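All figures in this text were calculated on a predicted structure; none of them were measured in a lab. For this chain, numbers begin at 1 and follow the sequence in order. Note: hydrogens, waters and symmetry copies are ignored here, and every other heavy atom, side chains too, is used.
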Amino acid sequence: MRFALALLLALGLADPLAPGVGDHAPALDLLTIDGRPFTPASLEGGVTIVDFSATWCGPCHAALADLAAVEARLPTRARLIIVAVGEDPPTVKRFVAAHPLPAGAELALDRDRVTARAWGQERFPTTFLVDATGTIRHINRGWGSGYAERMSRWLRAMIAPRP
């Protein structure tokens, strides 16, 4: 894993100052699929899932399905923001028409990958869980066995009332 990160840094595909767990989440200054500014006032105020994805990525499709299922079972809804990385609006529109997004999901485009680099996204999918203060609490890079269970456990712990 460290070798992969070192290689990405050397190629300029990752940001050495990218945030990690415990850091404040970077801004999401992006465009919507219709070309309008997508600038959420803040990632604060509730639990937010930020998922960096691509239409051509099979594991991304599976992760979105898992996120939809996990989020539907939560006692309190989390905000779901899907960031389509490196793709043009027509491609993303075709994908969404064929594969509807989870209910309530917000879709933003990161055509130039600037936001993905700022967040430290280095593989597809990369999922960030941000708490009500805007702090990154969990990062999951990739998709595979245990993804849904991990997301469920992390999200439940994040929305559980504090004593």
Side-chain angles (χ1 to χ4, degrees), residues 1-33 36-68 70-71 78-89 91-92 95 101-102 105-159:
M1 182 67 133
R2 290 194 185 280
F3 174 75
L5 180 57
L7 179 60
L8 289 169
L9 289 169
L11 294 172
L13 299 175
D15 184 342
L17 302 176
V21 171
D23 292 332
H24 195 75
L28 284 171
D29 292 325
L30 300 167
L31 295 177
T32 67
I33 197 164
R36 290 177 286 116
F38 176 89
T39 52
S42 172
L43 290 177
E44 298 177 6
V47 173
T48 303
I49 304 164
V50 180
D51 188 60
F52 289 86
S53 188
T55 62
W56 51 263
C57 168
C60 296
H61 305 175
L64 283 176
D66 282 350
L67 286 173
V70 165
E71 209 270 338
R79 181 179 186 191
L80 175 56
I81 300 171
I82 299 162
V83 181
V85 180
E87 301 192 86
D88 60 38
T91 300
V92 177
F95 176 80
L101 298 178
E106 299 173 69
L107 178 62
L109 302 179
D110 184 18
R111 291 184 68 186
D112 58 9
R113 304 170 193 251
V114 169
T115 299
R117 279 192 295 277
W119 278 69
Q121 183 263 336
E122 48 192 59
R123 74 167 73 163
F124 288 107
T126 297
T127 309
F128 293 82
L129 303 184
V130 181
D131 72 11
T133 68
T135 302
I136 297 170
R137 291 296 170 204
H138 301 281
I139 303 171
N140 194 92
R141 299 182 194 287
W143 176 88
S145 176
Y147 178 87
E149 293 79 15
R150 211 170 21 261
M151 290 294 123
S152 181
R153 184 177 65 249
W154 288 345
L155 286 164
R156 287 183 183 284
M158 288 174 69
I159 63 174

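- V47 places none of its side-chain heavy atoms less than 4.5 Å from the side chain of L129.
- For the pair A118 and P19, the tightest heavy-atom approach, listed with the atom from each and the gap, is O-CD, 3.0 Å.
- Of the inter-residue distances, the one linking D51 atom CG with W143 atom CH2 reads 13.0 Å to the nearest 0.5 angstrom.
- At least one donor-acceptor pair closer than 3.5 Å links the side chain of E71 to the backbone N or O of A78.
- The structure places CZ of F95 at 8.5 Å from SG of C60, a figure rounded to the nearest 0.5 Å.
- R111 and P89 get closest at one heavy-atom pair: NH1-CD, 3.8 Å.
- Under the side chain to side chain contact (heavy atoms under 4.5 Å, CB included) test applied with R153, the options R150, R156, M151 reduce to a single match, R150.
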**OP:** For the pair I139 and V21, evaluate side chain to side chain contact (heavy atoms under 4.5 Å, CB included) and give the outcome as yes or no after the intermediate values.
**Re:** CA-CA 7 Å; I139 303 171; V21 171; 4.1 Å; yes
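- Taking each heavy atom of T55 and H61 in turn, the nearest pair found is O-NE2, 2.7 Å.
- Annotation: the span from D110 atom CG to F38 atom CZ amounts to 11.5 Å, rounded to 0.5 Å.
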**OP:** Could you go through the side chain to side chain contact (heavy atoms under 4.5 Å, CB included) check for I82 and L67 one step at a time?
**Re:** CA-CA 11 Å; I82 299 162; L67 286 173; over 6 Å; no
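- By the 4.5 Å heavy-atom criterion applied to side chains, W154 and N140 are counted as neighbours.
- Nearest heavy atom pair, residue T133 against residue H24, reads O-CE1, 3.4 Å.
- Side-chain contact between M158 and H138 is present, with at least one heavy-atom pair separated by less than 4.5 Å.
- In this structure, I33 CD1 and D88 CG are separated by 9.5 Å, a value rounded to the nearest 0.5 Å.
- Using bins of under 30°, 30° to 60° and over 60° for the plane-to-plane angle, the ring pair F52/W119 lands in the tilted bin.
- Here the shortest heavy-atom pairing between P102 and L64 reads CG-O, 4.0 Å.
- Proximity of I49 to T127: side-chain heavy atoms (C-beta onward) are separated by under 4.5 Å at one or more points.
- For the atom pair CD of E106 and OG1 of T48, the computed distance is 8.5 Å after rounding to the nearest 0.5 Å.
- Q121 contributes a side-chain N or O that, together with a main-chain N or O of R123, makes up a donor-acceptor pair within less than 3.5 Å.
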